[in-house]
Each structure stands twice: as C-alpha cells, then as structure tokens.
Amino acid sequence: MFLECLAKHVPNIYSAEMDPLLEKQEEMVQAAILYPLECYLFGEDPDIFLEKLQQSGTSQLCGKVFKGGETTYSCRDCAVDPTCVLCIDCFQNSIHKNHRYKMHSSTGGGFCDCGDTEAWKAGPLCTKHEPGASEIMEHSRRVFPSVIKYIVDMLIWEEEKELPLEEKVDSYYCVLFNDEHHSYDHVIYSLQRALGCELGEAQLHTTAIDKEGRRAVKAGHYASCQEAKEEIKRHSENVSQRPLHVEVLHADVMAHQKFALRLGSWLNKLMSYSSDFRQIFCQVCLKEEAGSEKPCFISKLMLWDAKLHKGARKVLHELIFSSFFMEMEYKKLFAVEFVKYYKALQKEYISDDHDRVLSVTALSVQMFTVPTLARHLIEEQNVITTITETLLEVLPEYLDKNDKFNFQGYSQDKLNRVYAVIYDLRYVLVSKPTVWTDRLRERFLEGFVSFLRILTCMQGMEEIKRQIGQHIEVDPDWEAAIAIQMQLKNILLMFQEWCACDEELLLRSYRECHKAVMRCSTNGRSREKTVFHLCGHTLESRPYRVSADPVSIHLPLSRTLAGLHVRLSKTGEEFQVELLVEYPLRCLVLVAQVAAEMWRRNGLSLISQVFYYQDVKCREEMYDKDIIMLQIGASLMDPNQFLLLILQRYELADAFKKIKPTKDQQYNVLIEEMLQILIYVVGERYVPGISNVTKEDVIMREIIHLLCIEPMAHSAITKSLPENENNETGLENVIDKVATFKKPGVSGHGVYELKDECLKEFNMFFYHYTKTQHSKVSSVRFTLKALPPPPPPDFSPAFSNVVRILNCDVMMHILRTLLQRAVELETHLWTEAMIQMVWLALALFYFSLCKGMGSSALNAVNVLMLLEKLKRVPQLEAQKDTVNWILQLPEISLFSYCKTQSTQDKEKAERKRKAEAARLHRQKIMAQMSALQRNFIETHKLLIQMVILYLCHFWSYSISSAVDYSRIVLGPKRGPSVIEKEVLTCILCQEEQEVKLESAAMVLSACVQKSTALTQDRSRILELSGDPLFMHPDLPCGTHTGSCGHVMHAACWQKYFEAMQLNFRQRLHVEQIFDLENGEYLCPLCKSLCNTVIPIIPLQAQKINSFQQQGNRELTKYSSSIKEMLILFATTIYRVGLKVAPNEADSRIPMMTWSTCAFTIQCIGKVGAVLSFPSLYWEDAVDLQPSSVSSAYNHLYLFHLTTLAHIVQIVISSATGRCVFMLQFLNILAQFLKNNVLTPLDIPGWLVWDCVKTGIMPYLRCAALFFHYLLGVSPPEELLQVSEEGQFKALCSYLSLPTNLFLLFHEYWDTLFILLIALIFIILIIVLFHLPRYPRKRNRLIDLPEDYSCLLNQASQFKCPRSSDDEQKHPVLCLFCGAMLCSQNTCCQELVNGEELGACTSHALQCGAGVCVFLKIRECKVVLIEGKTRGCLYPAPYLDEYGETDPGLKRGNPLHLCWERYRKLHLLWQQHCIIEEIARSQETNQIFFGFNWQLL
C-alpha cells in the first residue's frame, strides 16, 4: 500500500523539476502522503499527539547539528577534550558560561554534546535538557522498515534497477552534479556554451548545483538529454581538468529520489519527538537479513555516501546525528559498523572530491573521542590497528624500493585527505585509560606495533646528499614529509604517554621500538671500522661523513625510543648505544653544517627543513628528542668515547690534534655548533625524567627566555610554546608567576613583562633560541651577559653519568686548545662565541663539583692558568667580569686565591683614593660659586629691587589691559586682522616660497567626499535634489572637504599627477587603489587619498577706521595660477557633490562651494579649522566694492537677523516648546491679533533661557570659526576655557552679541515684528512635519553589547530575508544604523545602475553615501567600505582578557568591548578619515588579485 501510494503521487508532485514551485510541492506532499502517514503512525491528529508528547518531557541530549559558520563553545575547565562543544542556547543555560571557555566557528557537521556525560567532567546538562519520559509508538515498527527501505533503494540507485509498481514514460532529465574542481564561472561558461542558455539562467543553475549538489539543466527525450550531457562534458573538459559530472536520469527516478530526501527530513524531525522513535529506527537500520552477507541499511548508506550528491549527504548525516548519536547503546553499535567498513570508507573519501564535512568519515570524531566508546573499539574492534593499516594502504604509491616514504611529486589534495586518517588516530588516543585490562593492553600493543611500521617507513626517508660543484637545479618537494611530521607530533607524544600509564606495557613497547630501530640501523652497514686516537683514548667506528654521505632529517623511530627511554625508570637492557646515538647525531651535524653554509648548493628546501626541525611546531619530536638521545648516549657510554664520536661526526678530529693555520671560517662555525650541543647535553635538564622537574617548570623556563627578548602579547607567547593533544600550552597556569601584564592603550595590544626576580634564570645559550632570537637577546639583554649562568637542576639517577664528560681528558683537551688559541691571539682560529661557551662549560663544571661530582680541579689547572692570561686579551675586554667570576669560584680557584685577593685589594684602594679626591675638588668649586653669588647680591642690591618692582608693575598693567581689551570680529568695532608673513615649503621640491596673491599658487592636498555624518534621520532615502542651494534640515547628506595639510607648488603637484597617470598606463595589469580618471591620487608624503587641491590665499588687511581711502580702493589682483586652482577646487566640489560631469560654467558651482564650507564647519565642531576658505570670498566679476565700514555693518546686521531666526527655531523645536510653548504661543498670538495686547507666556523664564543657551552654542562655535578664518581677527583667549559659561560669554563678545540674547528682539522689534510673525507661522507649520530639534543630536556609532557572545547569539538567530533555506549566512552588522545584512551571498545581491552589488555595498550607498563601517560577526572583523571598489579590514573593538583582538575567532577566548577602541573607530568616522584609512591599508597590503568589494 505504501509503495502504491508513492507510485501514484510522487511523480505528479515532482513533475516540474526544471522550474519547481517549492511551496506548492510541499503542500501536496503534506496533504497526499505525510499527513495520512502521521495519522496512521500516531493514531490521532499529529498536532494533538505532539502536544501530549511535549508535556511528557524533553530529551536529555541536545543533538543540535551545527551548520557551517555557526558558533560553538568549548569549556576549557570541564570538557574532556576540545571536540566537546555546546550550541549557543545550551551554553547560555549552563554552568560553563562562568568558566574559562573558547568560541569557534563550526565548519559544519558536528552536533551539540549537551547531555553527554562522557563529554564533560562537570555540568553535562544545561537547564533545558533535564531527564523526561515519552510514550511508545506501536505503529512505528511497521512503518519505519518500509520508509527506510524506500529511502535506501532510492538513494542507492543503479541504472539497471526498475521502479516498483510503475510504468516508465519517455521523460528524462540531464542532471549536472557538483564537484570541487571546477570554478563557479567555469560551470556558468560551460552551461552557456553547451545549452545556449542566458547568463541569468546559467547562474541560477550553478547556484542551485552549489547549494544542493545537483540540478536538472535540461528536460526531454533520452536522446536529447544524452546529447546535452556530451556537450557539457566537451565544453567543461580541458588539459588540466576532467569534465563535469553529468548523468541522464529518468524523470520518475528524480522524483522518487527527491521525495526520499523529503522522507529523510521527516524522519529527522520525528527522531526529536521521542527516544522510542530513535530506538526503533536504529533497530531497523542495524538489522541484517537472515542468511545474507549483505550489510545492513545504515552500512549500505555509509558505503554509498561518496556517490551521493551534497543534498542527500546532508540529510543522511543529520538523520544519523538525530538518531544513533542520541542513544548511547546504538551509538556504540553504529561505531562498530563504522569501524568494520573503516578502510573502505576512507578510501572512498580519499578518491572523492567533496569537502570532509560532507563525508560520512567526518562522523568519526563523534565516536572516537568518547572515552568508553574508544576503549570498547580498541578492545573489541582493534581500531588502532585498523587505522594504521588504512594509513599504510592509502599511501603505497609513495613507497620507494627500500620501503621508505618519498613524497616527490605528491598530490596535496590527496595528502590533505590522508590527514583525516591521522586525525582519527589522534581522536582515539586523546583520553588515556585509568584502568588497564589484559585485552586492552594486548590490543594497544598490537596497534602500537602496527604504528611502528608507519614510523619504519618514515625512518630515514627522503635522504639528501651534499651538492658539490654545481647548484641543484630544482628544489625537491619537502613540504609533505614535514607536514606529516607535524600531524604525527601529538600522536607520538600520546603513544608515549599511553605506554607510560602501565609499567609492563611501557617495557614491552620499549623493546618493540628498540627492535624496530635496530632493524633500520643495521641495514647497509658493511663498511670496515676505522680507529681514531686522541689524548690517549681510542674510538673504533664505521666511517661516515655527513658532508659526503646521504643523511635524513626524519628519524621518528629513534625519537620515539628516546621518549620511551626517558619515561622508563630502568631499562635493564643491553644494546649498542653507539648505534642508537648515530642517526640523531648525524642530524645535528647536518644542522651545524647548514649553519656553516656548507650546503648552500642544495637550495632552499634544506634550509626550510632545518627551520621546521627547530621550530616550535616540530621540535618536541625532532630537535629536542635528538638532544635527549645524545644525553642517553652520554649517560651510557664512556665520556671520552662519546666525545671522540662527536668530534669525528662533526669532522673536527684534525682541528684538535694540532693547530691548523687555516682561515676557513666553516671550522669556527662547526666548533661553535659542537660546543653548543655539548653544553645542551650537559646543561639542558628541564625535561621530566631527565631531571626532577615538572611540566610547569619547563613552561616557566620557556616563558622566561621568551620575555627576556622583549615584552610579548599573550598570543605571541602562545604561538611560541608547544601545544599538547588538547591544543593547550599550560601558559595560563604559570604566566602570573614570572610576568606582569601591561594593559593596552587605544591601539596595540596588552603585553607581558618579565619580573625582575626571574632574570636570574636567564641563560644566554638557551637551546630553543633561534639564531635571530639569540642575536636579538644579545643586543637587548646586553647587561645580562655578565650575569652568571643559572645552576641547572640535578640529573635523575639514570642520567647522572652525563656530567662525567665535563671532567674527562678529551673535554679538557678541547677547552685548553681553544683557550690557548685565544691567548696566542690567532684570531682566525677562535671567536668570542667560542670563548663564551668555554666559560659556560666551566660554569657547568663548577656546578657539578658543588653537586658532588668529585674534585677534579687538578685536571683543570692548565685551563685556569690560561683564563688568567685571557684577562689581558683586549678582544675579550667585555668578558672580563665573567672570567673574574669563574676564577673566584671557591672550588676552582684554590691555587690562585691569595694572588687574586691582593690584586683586588690594591685596585679597590686606588679607586677609593680617586673618588675622595674628586669629592674634595667638587666641594671647593661649589664654595667659590656660592661666595661670588653673595658678593654680587650685596653689591647690586638697589638695582635688583628696582628691576623686581618694574616687572611687577608691568605684569599688573598687562593683566588689567588684557581684561579690559575685547577682541571683536563683527561690526564697526571689529578688531584688527592678524597678518603674518607665511613662508611654506613644498613637500615635492623642498623649496620655500612666501604666500602672495601675485605669486604662483601653493596648494594643499585635499579630499572632497559625500557624508552622512550629520544626518538626523537615517531612514531617509538619499536622493539628489534638483536644487542643491538649500539643504534639508535633517542634513541627510552633505559634501565634506578635508585636507592632510601637506603643501605643494601647484606646478609641482601637476607634474606629480601627470607622472602618476603615465605610470598607471604602463602598469595596466596592476590593480590601482585610486581612480585617476576622477582626479584621485595619493598624497606624496602621507599617502592619504585625495581628489583635489585647495589653493592657499593670504588674508588681506582691512582698515575700517580710515575714511580717506573708501572711494579710491583698487580691486585685488590674483595670479592666473591661483585662479586656475580655485576653479579646479570648486569644480571638484560640484562634480563630487552632485555626481555629475564637471562643468565650469554651471551656475550652481558657487553655491555648492559655500554649501561645502557650511557642512565642513559643522562637522569640525570644536576641533580643526577650515583651510583656505577665505579664497571663496573673492569674486573677480564684481566691480562694486563697498566700503569697509558699510560691509562691517552689513555683516553684523545679517548675522543678528540669522541669530534671531535660529533662536525662534530652538525655542519652538525644543522638547519644551513642542508641547507647551506652541499651544500657548498660538493662543497669545490670537489674542494679540484680536486686541493688539501681548500677554506673557506661562513658562518659566529660566527654562526658556536654558533651552536657548544650550541650543545656540554649536551655532555660535561654527560662526566664530567661519568669521575667524574669513576675516583673520584673533579670538579671545577665554575660548580655551573648559566651562560652558566662560565659552558662551567669550563667543558673544567675539561675535558682537549681547550676553542676554533676548535683547536682540528688543533692539530689532520694530523692524522684525512682521517678519517674525511670518517666520513663526512658517516654523509652526514645519513643526507639524517634524522639524528637527536644536541643538542637533551628535551622531554616534550604534551601541554594542559588552559581551561578544550576545552578538554571536544575535547572528545565530539571523535569517536572510530573501532566502528560505536554512543555510548559515555571513551576517554583518552596520555600525551606522544597526541593520543586520546577509553578506557575500548571491541571494541578497542587488542590481544598481546595471551593476551587481552585494548587500553591504548597496547598503553603504544609502546609509553612508558609499562610506560605511560593518562588523563581520562570525569573524570578529570590522570592514571599512568606500564606494564599490575599495575597502579594508580593521581591528574589531572587542578584546580578550589579554588585550588582543581575535580575527576569525581562532584563539576562541571570551571577548569584551573596549570602549576606547570603539571611540577611536567612532572618531575615524566623524573626522571623515575612513577613506584615508582604506587607502593607507591598501597601499601597505598591495596584492595582484584583490578582494571583490563590489559583491560584499
């Protein structure tokens, strides 16, 4: 019945595949199939049943499946491992929000672990998921098998299958499938060429394919669809790419497959209703056919996963999450099935081309990281062996004839997929067992032995040989081998820690690893041994030279053995130590020879390998383990034999047999490197097991030496420390013990500074310092060089014999030889660094004597005698203090104590005598000077008194005159203009010029831009008015002019601009950050973006108290250069402000220029100045020149009228006036018109005055700025006062206004009465249409929450208004208006003037006139946008507790709003510096292929 129903309805519902009506299809599916099915399943109306079910309780497990970009939270205190995460709802309702946590953006595919008791050490449940109950559904046992079988049959479809109970019709679809090889544009191009469709249709197809994984691109008969298939393949195939995946499917097959996915979504929803549903579903999926070897339903789907398209995979994975992973019992059974087919699944994934998040293999993290489940899989399914065998089976092509890996010509894509297998091994080992069973021990050992097979293939892989003569032609591929080492680093450590958990297992693992190392070491050892003699000691070894024989940097087997050896309390094994030490020693010699530049002809590949060998990402399991292996050798070998082996491998045997008169600096570098290694072997003991130290001690020492270089940010320290398997460094546990935190300022980040008491732990030759760090710390910490080295901790008993090499004959011979060369001043045979290391070795020798190594001072007598002589070597003057410190050590300097002491006493007495003589001389001079001063005062006493009286009188007179004198800028009492000679320097030619009217123009670089910084209503749509002379009172958009203040000659600027144009034409392939066609350029000095220049015009003195010259004034003459620059400046304002082509004859140009002046002054407010606007006051065409006196009266009269009008605006539009004043004023006005009698207002006078005074201050400031720069009268000094009252009085005085502004009404009452009545009527009418209030509100960026999690929560609830799917978008927040937009998605692109613009770009055109600031919430980045083609990233104002931003939420620390940085961003906008910031950012970070800002 079920299949018959589907055969009847499904083809009809999904018949229109080419142009589907999704809402109609869903209605038909619900009515014809799903609703009857739910009624049968529930036994009643589905809504009634679900209401009952919700009342019975909720599930304990959340199980929310994360989508790409969704925020996840991991508690650092309570999570078992970093893969245990919570969704935002569960996190906000859990105890973990008050713990240390991390935030990250999910790549998709995982699910919330709320309710999983094995994922959390504490607080496994949030308040929303408490235990509940549910009902059992009887009909589900009959419905689920049919539904699941139908889904499996339809998804696992093969061409030879027949549809059940259905007759085929000749209707087919040509279906195009998604892949990750072809680009978006390539698919569009192929569809256009193959199908002849339009661009829009091709884009629609491509978008659907990218989203769902497949799309029917053509419908028709089989032949036509087959032809379309071949055409698409032909047009999409080229030399480097395979064709697109295209299939021809029957229309009914397409319909049933689409409905099968709909059934999967329906089942997914059903799983959330009840645990019984989940259990029945899991039972059906896991049931195997009796007597059949075929896999169960869920295994079939997993094995077919790589062949399913993207949409089907998503539905399948979500169904597994909501069913199997919500029931622990069935999760275990599913994991067993998963491991059973693990090899096949991984091989399918490696050959697939889809991302891992779309592969069923990505589910491994959900199973392998559960501790009990991982133990079960190790014991019962031998999962470690399965994973390691899979790794070997997928890499056979990279094995050479010696069964060693060689990744030359490797495929990066394939290796990236192989890493997934390595991750699975890490997941299994992430939680160490606390209880070992015999079966667990055996299975783990079996897996460890299998893992050793992988390490055997890596031991000695990719050997290199020194290139002699000709330079290597092509660098070999080295990245793959290093990358695998990085991936295996934590796995190697985890294997060692697992082995260390059980003593029996550790011993057995050690033996197995030792056998593997010996098998690799004994291969190809057929050479005869050679004999080396020195100091009466002999070494027999097989001849080998790193500089001539093959050598490899990859030795994971040897290093694993070293790690196990340290963890083993006692070995009890007999083995060839020389053989174990040999290969790590070769590796260290290779590093030394690279430092000596002996391998320069081998290219950069070897240098890169050596870099990573010592880098923090690899050194724990490479460099550090090689040092440990040498320490093992030193503890087990005869010390003289050990040192002879070192000398021989470093190829320095001849260098210490006799002094060779050679000038080869390579020998010096090799000796330095060898001495360093010997110091590390003896002195580097901060390894648990080597000495009695803890991991915290090791981390503290690392941090101390990092902070000795310079203060560092928390993230920088973290990057410099190795991470464990949980991505933790342990930094937070110890940082406060060794450093103090210094908070950041407005810019930069917080840093940690080393505490002074920790400087005593500084060691100049710390073994983790790179060459660069060592050089830097040598210069920064120069004073620390003289500090004695810190005493190292004691060796553990197993390594106590290491210190014997300090006291052996060969070591003393080495030290004597080096010191002898220094004494004899043979400068080409020694370096200062060598001598420093000799002294450090002697210091270690002293510490060893103190720790009871035994008295060996007699063996060092010759060395100490040489040290006495070294004190007189001039080249070592800087090291004199260190030499004295060594010679004064009691255990060393017994034989020279008396002599040294007497010498020191004599020197001390001499210094004391000289200091006393200098003190007496200073006292004598000071006494003479004091006597001279007293004598002068007595002699000239009367003169001094007169001078003091005169100065006091002059000072009091100056103060009184300053108080009485007032500076006025308007009216007949206007003060004098301050005219100063102005000489400026051109930044291009560096020549000076005085600014004169008749001289060539000097200009300021400037930028004219549209601005909405003053708008009072952001909801108003920006429209260009036909008449720009008057601006709307809301100030929706204005034209702003700004300048960086750098001066140029007009001619120099023109040459510079022409040179830039020529350079642009010659470099068309390079993307320019400015538009030369629109006059844009970068300031030559500060690189600010500019698009015009402002001519500098000096002020002209005007004398209003002279009436004799009024009638015969001459017109001011300007040079042609100044006129040309004025026209250019005004035309730019006209072009930018109106967005029209330049037209010098347009009558709107003067008024647009004055409008820009007014808008810029309002933007400036209290800060800044209007540069060069006096030039706008000149008009060449006007012959009539009024007198200075009449002009002054006119200015004052017009200003008073404007002030009166603004006072009326303020009173009526204020919050007080809108309600009360307007009604009362209308009533009073009616009485006046009727009776001609004025009645007083029933409003307190102080309230009206306070309203007027507050509202008029911005107006007065702008007026003062304007007239100051127009007329040049100096403002009163009282304007610098902070108090509002003082500023108000000073402004009124300066602008010739009475302090009581209402006196203006009395003064002009007769003249203004009629005008005022008309003005009030007009304003009252405007009030009804929401006249803006005065003073205008100061725009600010929107208020942001203090906790960044609130923004993430807001983004998680964001739904794209133009998309109905549940795909996670990229929400961005406009910081101007608070709008949430869908960024970088085709769904929200808009067509503006024929161009496709992204949501952010189109929003910026309306909200900020093309300039806008956005916050990318899921990436914690601020984006600055200007126009359609320019933008840049800017640090977000959110900081973690260490004062650092977190772009991309990579570190995941909790973030909080920094008000200072948000204010800095606000000022960047208000000061119109966003364009400048973008230009400088793009100039600094130039790239050939920039980001497409147009589609943001």
Side-chain angles (χ1 to χ4, degrees), residues 969 974-1006 1008 1041-1058 1083-1085 1090 1092-1106 1108-1110 1112-1133 1144 1149-1150 1153-1154 1156-1157 1160 1168-1188 1191-1192 1195 1265-1275:
V969 75
R974 190 180 76 199
S977 301
V978 179
I979 308 298
E980 296 181 356
K981 181 180 179 181
E982 192 172 12
V983 179
L984 302 176
T985 303
C986 174
I987 61 173
L988 291 174
C989 67
Q990 297 299 311
E991 292 184 2
E992 294 184 348
Q993 177 182 316
E994 183 180 352
V995 179
K996 295 182 178 180
L997 293 178
E998 62 274 9
S999 301
M1002 296 199 77
V1003 295
L1004 294 164
S1005 56
V1008 179
T1041 299
S1043 172
C1044 60
H1046 293 130
V1047 183
M1048 298 170 281
H1049 291 112
C1052 292
W1053 171 76
Q1054 288 173 328
K1055 291 179 182 178
Y1056 169 73
F1057 187 74
E1058 290 169 0
C1083 172
L1085 189 61
C1090 308
T1092 188
V1093 290
I1094 303 176
I1096 302 175
I1097 300 176
L1099 287 169
Q1100 301 302 305
Q1102 298 181 12
K1103 297 181 180 179
I1104 65 172
N1105 56 358
S1106 176
Q1108 291 79 11
Q1109 301 177 359
Q1110 290 182 12
N1112 55 0
R1113 290 177 55 209
E1114 297 182 358
L1115 294 176
T1116 305
K1117 300 297 183 180
Y1118 295 88
S1119 66
S1120 59
S1121 174
I1122 291 179
K1123 293 180 181 179
E1124 182 184 354
M1125 293 298 105
L1126 277 172
I1127 294 173
L1128 173 66
F1129 172 54
T1131 306
T1132 303
I1133 294 174
E1144 297 178 7
I1149 289 181
T1153 309
W1154 279 111
T1156 301
C1157 174
T1160 305
V1170 183
L1171 301 172
S1172 185
F1173 279 117
S1175 64
L1176 304 177
Y1177 201 64
W1178 162 81
E1179 293 184 13
D1180 191 32
V1182 179
D1183 293 331
L1184 178 62
Q1185 292 289 328
S1187 70
S1188 299
S1191 295
H1195 290 166
L1265 279 173
F1266 175 73
F1267 286 112
H1268 167 65
Y1269 286 100
L1270 181 67
L1271 302 173
V1273 179
S1274 300

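Note that these values count all heavy atoms, side chains included, but never hydrogens, waters or copies made by symmetry.
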Which atoms form the tightest heavy-atom contact between [X] and [Y], and what is the distance?
X       : Y       : value
Leu997  : Pro1098 : CD2-CD, 3.8 Å
Cys1083 : Tyr1056 : C-OH, 4.3 Å
Pro1095 : Leu1126 : CG-CD2, 3.6 Å
Leu1128 : Thr1092 : O-OG1, 4.0 Å

Examine distances only and state if a side-chain atom of Ser1121 and a backbone atom of Ala1001 form a donor-acceptor pair shorter than 3.5 Å.
->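 Yes: the side chain of Ser1121 pairs with the backbone of Ala1001.
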Is there a donor-acceptor pair closer than 3.5 Å between any side-chain N or O of Ser999 and the backbone N or O of Val995?
->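 Checked: no pair found.
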Please list, chain by chain and in numerical order, all residues satisfying side-chain contact (heavy atoms from CB on, under 4.5 Å) with Ile1127, sequence neighbours excluded.
->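 Counting only residues at least two positions away or on another chain, Ile1127 forms a side-chain contact (heavy atoms from CB on, under 4.5 Å) with Thr1131, Glu1144.
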Taking only residues two or more places apart in sequence or in another chain, which ones pass side-chain contact (heavy atoms from CB on, under 4.5 Å) with Glu992?
->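 In terms of side-chain contact (heavy atoms from CB on, under 4.5 Å), with neighbours along the sequence ignored, Glu992 is linked to Val983, Thr985.
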Sequence neighbours excluded, which residues qualify as side chain to side chain donor-acceptor pair (under 3.5 Å) partners of [X]?
X       : value
His1049 : Gln993
Gln1054 : Glu1124
Ser1005 : none

Using ring-ring contact (aromatic ring centres under 6.0 Å, His included) as the criterion, list what pairs up with Phe1267, not counting sequence neighbours.
->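 Expected list: Phe1199.
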By salt bridge (Lys or Arg N to Asp or Glu O under 4.0 Å), which residues pair with Lys1055, not counting sequence neighbours?
->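 With neighbours one apart ignored, the set is empty.
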Answer yes or no: is there a side-chain heavy-atom contact under 4.5 Å between Phe1266 and Cys1157?
->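 A side-chain contact exists here, since the closest heavy-atom pair is under 4.5 Å.
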Would you indicate whether the side-chain heavy atoms of Phe1129 and Thr1041 approach each other to under 4.5 Å?
->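 Result yes, sub-4.5 Å side-chain heavy-atom pair found.
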Distance in Å, [X] [atom1] paired with [Y] [atom2], rounded so as to fall on 0.5 Å steps:
X       : Y       : atom1 : atom2 : answer
Ile1096 : Met1048 : CD1   : CE    : 9.5 Å
Ile987  : Cys1044 : CD1   : SG    : 7.0 Å
Ile1122 : Lys996  : CD1   : NZ    : 12.0 Å
His1046 : Leu1085 : NE2   : CG    : 4.0 Å

Test Val1003 against Val1047 for side chain to side chain contact (heavy atoms under 4.5 Å, CB included), laying out the working first.
-> CA-CA 6 Å; Val1003 295; Val1047 183; over 6 Å; no
